[in-house]
Structure formats: structure tokens, C-alpha cells
Amino acid sequence: MILTYSAYVAENFRAGIESVHASQRAAALSLGLSDHDSLRFVILPQAIRRVIPAQMNMLIALQKDVALLSFIGPVEIFRQAGVYKSLLANFTPYMGAAAIFLCITIPATRYTDHLLARQNRERS
């Protein structure tokens, strides 16, 4: 999972860097900036601004995948929660896990939507 998400994140940043028009680099070079400085001060700030919504989507997907893998992988935690639920007829462990998951996912999704809307307003 680490390799997969790392590849996606790297591809997002590569696409963000390539999305900055070549004239930006030419303008930076014409001002006397070196290749390194033009990348650092001109290209990357624009690329990072464009990549943030996609990275937020990756964060949300990663959180969901980790939750899914934790459900499939270490079953012992859920088995203990099931035993606790069976003994006391209490669904609190499951409800607590669901509440934490929702408290993290919903604000992150709303923030991603806000970033996408702001980016669309800036483009138009």
C-alpha cells in the first residue's frame, strides 16, 4: 500500500509541475534565476497549489483503505470488540470506531471540496 500511494503522490506532483506553463520557467530564467531557483521559487509554488486538492483526495482514499485493511488484516481487535459486544450486549466499540472514522473523513472531504471550488473560481 505504501508503494502504491507513493507512486500516486509522485505522479500527482509530477503532473502538477508539468502543468505550469513553460513560459513561467523562461521568465524566471530571463530574470537571472538559476534552474534550481526557478524551480524552487516559481514552478513549485504554483504546482503545489494545483496539486493540493488531488493530494487531499489521496489522503481520504488512504484513510479509507487503511480502515479497510485494518478490518481485513488484524482481525483480533474486531474479535475482541465482538466478544465484548456479545458479553455485554453493547455496540459501543463499533459505534466508537464508526464515529472516529466519520469525524476524520467528513471534514477532510469538505475541505477538499472547498479547495476544488476555490481552484475552479481562480481559473475562471
Side-chain angles (χ1 to χ4, degrees):
M1 194 163 86
I2 291 170
L3 292 175
T4 301
Y5 276 95
S6 298
Y8 278 118
V9 167
E11 181 63 21
N12 280 341
F13 277 109
R14 185 200 60 78
I17 290 170
E18 286 186 0
S19 72
V20 177
H21 199 271
S23 65
Q24 295 291 319
R25 181 178 301 247
L29 293 175
S30 71
L31 290 173
L33 285 129
S34 66
D35 282 335
H36 180 269
D37 286 342
S38 66
L39 182 67
R40 182 176 172 204
F41 295 115
V42 177
I43 306 297
L44 282 181
Q46 295 177 55
I48 289 172
R49 216 173 300 126
R50 293 177 182 183
V51 167
I52 287 175
Q55 296 297 29
M56 289 299 294
N57 284 334
M58 291 299 295
L59 174 69
I60 293 166
L62 177 65
Q63 180 196 4
K64 290 177 182 178
D65 288 348
V66 166
L68 179 64
L69 287 177
S70 70
F71 181 73
I72 294 171
V75 180
E76 185 62 29
I77 295 170
F78 288 99
R79 185 176 302 139
Q80 291 299 322
V83 167
Y84 180 75
K85 178 213 34 113
S86 297
L87 289 175
L88 302 175
N90 186 352
F91 285 93
T92 305
Y94 293 135
M95 298 305 291
I100 291 170
F101 184 75
L102 289 174
C103 287
I104 294 171
T105 303
I106 291 173
T109 305
R110 296 292 181 239
Y111 183 63
T112 301
D113 291 341
H114 167 72
L115 290 174
L116 284 170
R118 188 176 77 184
Q119 188 178 34
N120 287 336
R121 280 193 309 267
E122 288 175 1
R123 284 186 183 172
S124 51

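Numbers here simply count residues along the sequence, with the first being 1.
Distance check, rounded to the nearest 0.5 Å: CG of Asp37 to CG of Leu31 gives 11.5 Å. For the atom pair Ile60 CD1 and Met58 CE, the distance stands at 11.0 Å (nearest 0.5 Å). To the nearest 0.5 Å, atoms CZ (Arg110) and CG (Leu115) are separated by 13.5 Å. The structure places CG of Leu44 at 4.0 Å from CG of Leu39, a figure rounded to the nearest 0.5 Å. Once rounded to the nearest 0.5 Å, the distance linking OH of Tyr111 with CD1 of Ile52 reads 6.5 Å. Distance check: Leu116 CG to Arg121 CZ gives 11.0 Å after rounding to the nearest 0.5 Å.
The minimum heavy-atom distance between Ser30 and Ala27, with the atom names listed, is OG-O, 2.7 Å. Between Pro53 and Gln119, the shortest heavy-atom contact is CG-OE1, 3.5 Å. Taking each heavy atom of Gln24 and Val42 in turn, the nearest pair found is O-CG1, 3.9 Å.
The hydrophobic clustering, which links ILVMFWY residues whose side-chain heavy atoms are closer than 4.5 Å, places Ile48 and Met56 together.
With contacts defined as side-chain heavy-atom distances shorter than 4.5 Å, the pair Gln55/Val9 qualifies. When side chains are defined from C-beta on, Val20 does not count as touching Arg25, because their heavy atoms never get closer than 4.5 Å. Looking at heavy atoms from C-beta onward, Leu29 lies in side-chain contact with Asp35 at the 4.5 angstrom threshold.
Counted by atom type alone, Ser34 and His36 present zero donor-acceptor pairs between their side chains at under 3.5 Å.
Residue-environment remark: OH (Tyr5) exceeds the threshold of 12 foreign heavy atoms within 6.0 Å. Within a 6.0 Å radius of CZ in Arg40, no more than 12 heavy atoms belonging to other residues, nucleotides or ligands are found.
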